[in-house]
Amino acid sequence: MLYGGVRLQLAEKAISQDLSPSASAMAGLFAPLDRLLCGGGDPRLTINPASGLNEYGCQPYPCPQTLSFSSSTATSISQRAYVRAQNARDALMQSAIAVGMEAAFDARIEAMRDDLRGYLSLSRANADVVLSPSGTDSQLQALFLARALLGPAMTTVVVGADQTGSGTVHTARGCHFAASTANGSRVRKGEPIAGLSRGVESVALRLFDETGEGRPQSAMDSLVLGAVERSVVNGSSVLLQIMDSSKFGWRAPSEKCLEEIAARWPRKVQVVVDACQMRLGRARLRNYLDRGYWVIITGSKFFAGPPFSGALLIPSILTPDIDSVSDIPSGFFEYFCRSDWPRHWPRLRTHFPIRMNLGQWLRWEAALEEIGSYFRVPPKFRLAALATFREGVERIIGSSPSLLLLPPQHQADHSGAEDEEMAQRTIFPFVVRRGNSTLSLEACRTLYRSLARGAASEDREAEPKPCLIGQPVVLGRADHQPAAALRISAGARLVAEAFSSDEELAQRNLQRALDDVGTVVANIERLLLHVDDLQPAGVFHGGY
């Protein structure tokens with residue numbers, strides 16, 4: 001922490017330059033850390049005063065009492081990540097006194113890019129990192145760059161549109177996806193972003209059909225090829241957003257399909273990989289970049305950093321073309337600032353305002369702590385831990401009279417070598433049965449909220465334990481009163497916290513995590529006895 005003289009110096013700087021972005025950001029650093037971690041995102045991060053939770057059921061401070069298996073949606077910040085954010089704020093304050101807030105902030109953001117590349121086994125030679133407040137914001141960045149490089153007539157083909165972020169239906173068309181931007185500008189959700197949306201169309205391809213059945217891989221490939229072909233024939237370039245992986249851990253389309261697209265329509269299709277779940281191996285990630293694909297990632301989801309934190313990875317070979325882009329959509333200045341773009345894109349950067357999104361920065365600091373902790377665990381244990389968790393969760397859900405685990409996606413081209421330990425299943429979607437029926441989307445939302453508030457134990461004197469799992473995902477079309485699936489997920493934090501050089505202790509840690517899964521399932525069973533009496537779910541939001 002900083003005291004006395006340092007705080008006084010910073011306050012004097014802020015007073016003497018009270019209109020500058022640097023002074024504003026410097027003054028903002030003195031806000032409570034919890035508040036900073038909730039800022040610079042969108043309304044889903046807002047804390048409900050009544051519950052103390054945001055729309056994900058998460059808190060902006062450590063809450064170890066919560067049983068958390070929600071990494072497919074969002075996770076509250078861990079103690080070590082919270083400390084990392086505190087220390088990062090103090091370090092930035094010290095650096096700002098020495099070199100100024102703008103220079104200090106920009107240097108730290110650039111260092112974070114290097115940290116992220118290092119953890120993902122990438123380098124400046126093969127990947128540039130464009131930061132953003134969320135994976136949804138990164139989709140806007142990808143659309144902007146694709147139009148700049150391929151031309152303004154653009155069709156976004158979204159594979160797995162029913163299992164990507166809820167804002168994608170808007171970003172795919174170059175439209176606002178919320179009522180405000182991360183910068184706090186008021187906008188109208190669904191309306192065009194100035195300078196971005198003209199000439200942009202979108203095609204949504206769902207992984208599930210209208211009956212709630214998952215499409216076979218061959219059927220998805222056919223849909224993708226057809227959508228790309230129609231777009232190209234109509235004179236449009238294509239931004240093809242593929243899925244790796246979905247809210248259920250699925251991947252689409254197949255490698256064979258992507259190879260055919262590359263052969264038939266070179267220089268007409270830009271592939272961007274929705275890897276926001278980060279459930280893919282580092283070798284696969286590098287392979288995507290080597291093939292010229294762009295990749296959208298987040299520091300939350302599998303890595304269990306606090307929501308939101310996005311990044312767009314782009315092959316470094318494109319740097320000269322991108323840095324020469326000068327036609328910036330005017331609506332973009334409401335979303336992004338100069339430090340979001342790499343330093344070695346100096347010409348592009350100059351078009352953007354100097355503004356410091358402290359919340360985005362601190363959430364990435366927290367995420368990097370989780371990513372580093374995970375990859376410091378030996379690979380052998382990472383694999384063993386995820387395999388042990390998979391076997392245990394499948395057994396626990398399988399023994400429940402009310403839960404039905406959905407089958408994993410069949411992947412003919414799933415390479416264990418490229419995916420490392422992530423070849424293991426880490427998302428476990430299940431439907432909830434009550435009698436002869438399956439719980440609807442609305443009922444699952446209510447159940448989800450009740451779990452997050454804390455389900456009562458059989459022991460009347462025991463404190464109810466909040467249980468966070470993955471939000472409901474609709475099966476079929478939302479306008480057909482569909483069923484939905486809930487999810488229990490493994491995240492990086494589970495692995496990092498279970499690891500010990502003492503093998504017996506590590507196994508006990510993994511068993512404790514599985515015991516907690518058993519508690520979650522038992523709480524669901526208990527709530528089902530009184531599901532008609534549960535409080536309605538209220539407002540519900542999904543996405544990145």
Side-chain angles (χ1 to χ4, degrees), residues 56 58 68-78 80-81 115-116 119-122 134-136 138 160 163-165 243-251 273-286 288 295-313 363-364 366-377 379 381-390 393 408-409 411 414 416 418-429 468-471 473 486-499 510 513 517 542-544:
Y56 293 108
C58 297
S68 184
F69 299 99
S70 56
S71 63
S72 55
T73 295
T75 312
S76 295
I77 192 170
S78 70
R80 66 169 175 272
D115 292 344
L116 180 60
Y119 291 140
L120 299 179
S121 297
L122 302 172
S134 71
T136 313
S138 292
Q163 288 198 47
T164 185
M243 183 62 71
D244 190 353
S245 61
S246 76
K247 292 179 180 181
F248 285 173
W250 292 11
R251 180 184 299 155
V273 185
D274 179 347
C276 289
Q277 286 285 342
M278 282 307 287
R279 298 176 193 272
L280 74 169
R282 290 179 291 183
R284 180 175 293 277
L285 181 63
R286 289 194 302 273
Y288 281 145
V295 186
I296 299 174
I297 68 172
T298 66
S300 55
K301 299 298 190 280
F302 177 76
F303 286 123
F308 298 8
S309 52
L312 175 64
L313 306 181
R363 291 190 295 272
W364 260 116
L368 287 169
E369 178 65 25
E370 303 287 7
I371 296 169
S373 296
Y374 177 75
F375 284 119
R376 283 190 287 272
V377 173
F381 183 82
R382 297 201 303 262
L383 174 60
L386 291 178
T388 298
F389 189 79
R390 172 185 58 77
V393 172
Q409 181 189 33
Q411 280 285 357
H414 202 89
E418 271 199 335
D419 285 298
E420 302 166 312
E421 70 272 12
M422 296 311 300
Q424 294 289 324
R425 189 182 193 186
T426 57
I427 300 178
F428 305 89
L468 266 186
I469 59 176
Q471 287 179 340
V473 178
L486 294 161
R487 295 162 289 161
I488 287 174
S489 307
R493 193 183 301 172
L494 179 145
V495 176
E497 292 181 351
F499 175 68
L510 286 172
V517 172
Y544 295 134

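The structure displayed is predicted, hence computed values, not measured ones. Values below: every heavy atom of this structure, side chains too, minus hydrogens, waters and symmetry copies.
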F248 and P429, any side-chain heavy atoms less than 4.5 Å apart: yes
Side-chain heavy atoms of M243 within contact of W250, under 4.5 Å: no
Step-by-step side chain to side chain contact (heavy atoms under 4.5 Å, CB included) determination, V495 to F381: CA-CA 8 Å; V495 176; F381 183 82; 4.3 Å; yes
Donor-acceptor side-chain pairing of T73 and R487 below 3.5 angstrom: yes
No-hydrogen, no-angle side-chain donor-acceptor test under 3.5 Å, Q277 and S72: no
Set of residues satisfying ring-ring contact (aromatic ring centres under 6.0 Å, His included) with respect to F375, sequence neighbours excluded: F303
NZ/NE/NH1/NH2 to OD/OE distance under 4.0 Å, D274 and R251: no
Beyond-backbone contact of L312 with V295, side-chain heavy atoms, under 4.5 angstrom: no
Spatial distance of atom OG (S76) from atom OH (Y56) [nearest 0.5 Å]: 12.5 Å
Min side-chain heavy-atom separation L486-V473 under 4.5 Å: no
Residue pair Y119 / E370, side-chain heavy-atom distance below 4.5 Å: no
Gap between atom CG of D244 and atom CG of L285 - 0.5 Å precision: 9.5 Å
Beyond-backbone contact of R390 with T426, side-chain heavy atoms, under 4.5 angstrom: no
Within 45° cone of Y374 ring axis and under 6.0 Å: R493 NZ or CZ: no
CD1-OG distance between I296 and S134, expressed to the nearest 0.5 angstrom: 9.5 Å
R80 vs S373 side-chain heavy atoms within contact, under 4.5 Å: yes
Test ring-ring contact (aromatic ring centres under 6.0 Å, His included) applied to Y288 - qualifying residues, sequence neighbours left out: Y293
Which atom of K301 lies closest to which atom of R279, heavy atoms considered: C-NH2, 4.4 Å
Residues forming a side chain to side chain contact (heavy atoms under 4.5 Å, CB included) with S70, sequence neighbours excluded: S68, T75, L468
Presence of salt bridge, E420 and R284, under 4.0 angstrom: no
